[in-house]
Amino acid sequence: MRILVTNDDGIYSPGLRVLAALASAHGQVRVVAPDAEQSSMAHAITASRPLRHRRAPALERADAWRVDGTPADCVALGTHLWRPVELVFSGINLGTNLGSQTWHSGTLAAAQHAVLLGYRAAAFSAPPLDEAGYRRIAPFVRQVIDVLVHDPALRLVNVNLPERPRGLTWTRQSMRQYDSEVVATKDPYGHELFWYMAAPQQDPEEGTDRWACEHDFVSITPLRLDLTDAAALARYGC
Ligand code: MN
């Protein structure tokens with residue numbers, strides 16, 4: 001089985017290394033990742049200029065390539081140049097992608113792009129961890145990969161891991177809150193600047209991705225790409 005691994009934190013991310021190593025238990029792994037950080041790039045593609053696909057230092061049990069583009073670009077090039085890929089994994093992101101954060105996530109968008117191209121895919125995210133932290137979550141990542149490999153009906157899943165997992169749970173996306181914040185500051189010349197940042201969320205609904213992680217469970221959320229509001233459509237008789 002050929003598994004393409006990518007991320008949005010860039011080719012030198014420790015999370016990428018861990019995911020590639022764990023995926024290699026299930027087949028041949030190739031890493032194709034952005035040459036610089038692309039966090040919060042969501043599903044952007046680079047259509048206005050050509051892309052470079054260059055060799056990067058090989059990782060443990062995987063060859064590696066870097067692309068001067070977005071996570072979605074990496075999936076497009078990676079699957080085009082190395083066929084046939086069966087699974088695409090993205091991550092492990094250096095930070096969770098829960099609830100409304102998923103709209104901005106380059107990690108999840110890479111997996112979404114893989115699904116658009118006809119592949120099955122998963123996005124993995126966790127708080128930034130040290131070596132011991134990655135050793136702690138590794139058995140759970142392995143468990144999730146095992147579920148994905150053996151269930152071809154799962155097309156797209158968003159996986160979030162807490163720092164100290166005590167089990168896996170299936171969840172839905174927490175969509176109740178979206179609190180972003182604009183924070184004003186100044187540059188050294190006294191000119192106004194602004195940070196646009198995601199504010200932490202409170203009291204997530206039980207059964208959601210955020211709730212699971214706050215209760216130390218690994219959250220697995222099956223997702224679909226069709227955003228059609230079926231209820232609204234039905235009101236118009238369709
Ligand atoms: Mn990231």
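The chain is numbered in sequence order, starting from 1. Side-chain atoms are counted along with the backbone in the values below, which use heavy atoms only and exclude waters and symmetry mates. Please read all numbers here as calculations on a predicted model, not as lab measurements. Start at 1 and go down the list; that is how both ligands and their atoms are numbered.
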Any salt bridge between R49 and D68, counting N to O under 4.0 Å?
->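 Here R49 pairs with D68 in a salt bridge, since their nearest N and O are under 4.0 Å apart.
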With the Mn ion (ligand 1) as the reference point, give the N/O/S atom of D8 that is nearest.
->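 When I compare the N, O and S atoms of D8, OD1 is nearest to the Mn ion (ligand 1).
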Which is the closest N/O/S atom of D9 when seen from the Mn ion (ligand 1)?
->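 Distance check against the Mn ion (ligand 1) picks out OD1 in D9.
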Where does the angle between the aromatic ring planes of H43 and H113 fall among parallel (under 30°), tilted (30 to 60°) and perpendicular (over 60°)?
->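 It falls in the perpendicular class, over 60°.
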Under 30°, 30 to 60°, or over 60°: which ring-plane class applies to H104 and Y178, parallel, tilted or perpendicular?
->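 Tilted: the ring planes of H104 and Y178 meet at 30° to 60°.
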Can you find a side-chain donor-acceptor pair between S219 and T171 that sits under 3.5 Å?
->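 Short answer, yes.
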If the Mn ion (ligand 1) is the vertex, what is the angle to OG of S39 and OD1 of N93, rounded to 10 degrees?
->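 Vertex the Mn ion (ligand 1), arms to OG of S39 and OD1 of N93: 180°.
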